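What follows is one structure encoded as structure tokens, with my remarks underneath.
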Amino acid sequence: MIRTRLQEILDHCFQEGVTRNYWADSAAGAYTIEKPKREGQGDLSTNLAMIVAGRDKKNPRAVATQLVALLADCPLLDRVEIAGPGFVNFYIRPQIWQSVLLDIVALGDRFGISEAGAGKKVLVEFVSANPTGPLSVGHGRQAVLGDAICRLLSATGHQVTREYYYNDAGRQMRVLAQSVRARYRELLGEDPQFPEDGYQGSYIVDIAQEMLQEDGGGLKDQEDLSPFQAKAEQSIFADINGTLERLDIHFDNYFNEHSLYDDGHIDAVVNELRDKGLVYEQDGAVWFKTTELGLPQDRVIIKSTGEPTYRLPDIAYHREKFKRGFDWMVNIFGSDHIATVPDVMAGVRALGYDDSKITVVLHQFVTLMRDGKQVKMSTRKATFVTVDELLAEVGPDVARFFFLMRKADSQLEFDLDLATKQSQENPVYYVQYCHARLCSMLRQAGDKGIHLGTVDHARLDLLVESEELDLLKEMAAYPELLRHAAADLAPHRIIFYLQDLAGKFHSYYNKHRVLSEDVALSQARLWLISGLRTVVRNGLLLIGVNAPETM
RNA sequence: GCGCCAGUAGCUCAGCUGGAUAGAGCAACGGCCUUCUAAGCCGUAGGUUGGGGGUUCGAGUCCCUCCUGGCGCACCA
């Protein structure tokens with residue numbers, strides 16, 4: 001907010017400089033305001049002088065001097081200085097920082113929320129696991145990442161739809177049904193042949209067991225796989241939904257791939273592509289002429305058996321997304337889906353849609369460490385660790401926090417030894433503890449009969465300690481941080497911000513006393529504490545982590 | 001062989017559109033609880049940002065090249 005105001009003032013000064021022929025306007029929009037990394041370089045600074053000097057072949061410090069003259073009498077600024085190669089450093093008046101508390105108190109839960117994406121309809125597709133087994137930690141990362149991204153987008157005014165795309169037909173499901181049937185027969189004392197690439201997880205046995213109890217073994221000689229498939233699908237989906245429920249993740253829509261066939265969309269896509277001359281037949285298969293669209297090789301979209309490959313329904317699915325009128329489509333995929341993206345994008349473009357409206361977030365894999373060694377995971381062999389197991393060990397708050405600590409591009413090392421340890425070094429608790437402490441202090445104030453009064457009557461001008469101003473500056477940065485994190489689909493920034501803010505608070509707590517004999521000072525500091533509590537709470541809830549009042 | 005991602009302190013990782021002397025947590029070492037929650041704080045130590053070129057006032061960030069690791073490169077999804 002303060003940065004935005006300063007930006008406006010700076011833009012105004014820049015234009016004034018143009019009017020006065022100090023410099024040309026070629027640098028308009030090229031300069032920035034930044035927060036210096038080091039102390040002693042102001043609260044904010046601009047590179048305007050260096051940018052202008054670079055374009056006009058002038059001395060940057062001379063340009064800076066002209067700029068400083070134009071900035072005289074700015075009500076935000078305490079003072080301005082020129083430093084280094086030509087930076088202009090701004091020192092904001094303390095009362096500006098102190099007034100942040102007025103905003104926080106006025107806005108409460110809404111502090112940080114913006115309308116940056118107002119009116120934008122965005123579809124976020126994530127998880128999208130087919131019902132062949134419980135969610136593994138890899139899915140867990142995607143689920144938490146997708147959910148956090150949705151929360152960020154909602155908090156910036158977007159109209160978010162969360163969608164789960166799944167496929168309950170095809171070879172995978174056939175093998176699943178065969179696996180269940182084999183276990184079912186085993187339980188009846190037979191020795192059936194287990195499918196070569198069948199699903200070996202114990203959950204398959206559980207499903208078979210359940211069926212057996214329900215029907216008493218009547219399906220022993222059943223050749224039709226459909227009852228086994230139906231039961232498996234229903235059971236596994238219930239399991240997946242239970243897991244998502246425990247993570248407090250909810251979808252607005254489940255999109256079944258099969259509906260694309262029933263509604264004729266698959267055929268429609270093929271026909272549209274054919275009309276554009278982008279489809280041909282060879283070796284009994286139907287090919288999509290992706291080379292025509294700048295890709296290295298053509299791809300089969302309908303196999304010689306008559307079955308489509310995954311590309312065709314994927315393209316049809318995205319065509320549907322466009323038809324549903326979304327302004328922005330965010331797909332969250334595991335990095336193993338990298339190869340599918342260019343083909344689908346090419347398909348979308350070929351159909352006349354704007355593929356720049358699609359953003360694909362590819363997250364790298366989760367590496368699980370147990371006993372100091374990497375756990376090898378395979379869905380088929382059921383050697384994976386499920387989200388449920390993880391939740392049982394660490395709980396949803398720790399799971400969420402850990403999954404969000406890394407940016408999507410980075411591989412995520414999940415150390416089970418550390419996470420399951422009754423962890424004192426756990427960063428989640430560090431932030432939650434901060435919140436609990438803040439709440440405790442406010443309770444203590446009440447017990448001691450110190451009333452906060454109203455914030456506009458509080459002597460906020462007494463908040464002059466450097467730690468207090470640091471905290472106020474950090475809090476003031478929250479709305480902008482949220483906007484950036486949302487725009488970049490990067491929830492990990494919220495995590496880092498919260499850790500930073502909590503650290504600043506803990507330092508302050510140890511150095512200065514909030515509750516004292518000095519009533520006016522106590523009140524002012526309590527408003528600081530109250531504002532902090534709001535920001536920490538808003539941040540934690542934004543990423544779906546609880547903000548406990550006691551610990 | 002080709003594509004995408006990564007390579008930053010002993011370990012795990014931040015570093016926002018290129019900005020000033022590269023940061024945090026953990027681990028290590030030394031301190032701090034009669035006083036608002038010690039799940040905390042303070043201090044010390046730790047670096048050729050994978051190597052080499054280039055672009056410019058300025059590079060962890062952009063370009064080229066090489067090396068290493070991960071994920072892909074089906075008429076599987």
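Chain identifiers are assigned alphabetically (A, B, ...) following the order of the sequence lines, protein sequences preceding nucleic acid strands; residue numbering begins at 1 within each chain. Bear in mind the structure is a predicted one, so any value in this text is a computation, not a measurement.
Side-chain atoms of A:Thr340 lie closest to B:A77 of the nucleotides B:C36, B:C16, B:A77. Nearest to the side chain of A:Phe496, among B:U12, B:A14, B:C41, sits B:A14. When the nucleotides B:C73, B:C5, B:C41 are ranked by their closest atom to the side chain of A:Gln297, B:C73 comes out on top. Side chain of A:Asp336, nearest nucleotide from B:A38, B:G72, B:C36: B:G72. Looking at the side chain of A:Lys37, the nearest of the listed nucleotides B:G60, B:C5, B:A77 is B:G60. Of the candidates B:A38, B:C41, B:C57, the closest approach to any side-chain atom of A:Pro85 belongs to B:C57.
Along RNA chain B, the nucleotide nearest to A:Leu362 and the one nearest to A:Gly503 differ in position, and the one closer to the 5' end is contacted by A:Leu362. Nearer the 5' end of RNA chain B, as judged by each residue's closest nucleotide, is the contact made by A:Ser516, out of A:Ala339 and A:Ser516.
When the side-chain nitrogen and oxygen atoms of A:Ser410 are compared with OP1 and OP2 of B:A14, one or more of them lie within a distance under 4.0 Å. Between A:Lys407 and B:G15 there is a side-chain N or O to OP1 or OP2 distance below 4.0 Å.
For B:C73, the paired base is B:G1 (Watson-Crick or G-U wobble, both distances below 3.5 Å). Under the Watson-Crick and G-U wobble criteria, each requiring two contacts below 3.5 Å, nucleotide B:A38 is left unpaired. Across every strand in view, B:U61 sits unpaired, with no contact that passes the Watson-Crick or G-U test at under 3.5 angstrom. Across all strands shown, B:C26 pairs with B:G10; the Watson-Crick or G-U wobble distances both stay below 3.5 Å.
Residue A:Glu467 is tested with A:Lys504, A:Arg525, A:Lys511 for a salt bridge (charged side-chain N to carboxylate O under 4.0 Å, His left out); the sole match is A:Lys511.
Remark: side-chain polar atoms of A:Trp23 are paired, donor with acceptor, to backbone N or O of A:Phe14 under 3.5 angstrom.
Annotation: cation-pi pair A:Arg79/A:Tyr91 present, NZ/CZ under 6.0 Å from the ring centroid and within 45° of its normal.
Annotation: B:G30 and B:C36 have their P atoms spaced 28 Å apart (nearest Å).
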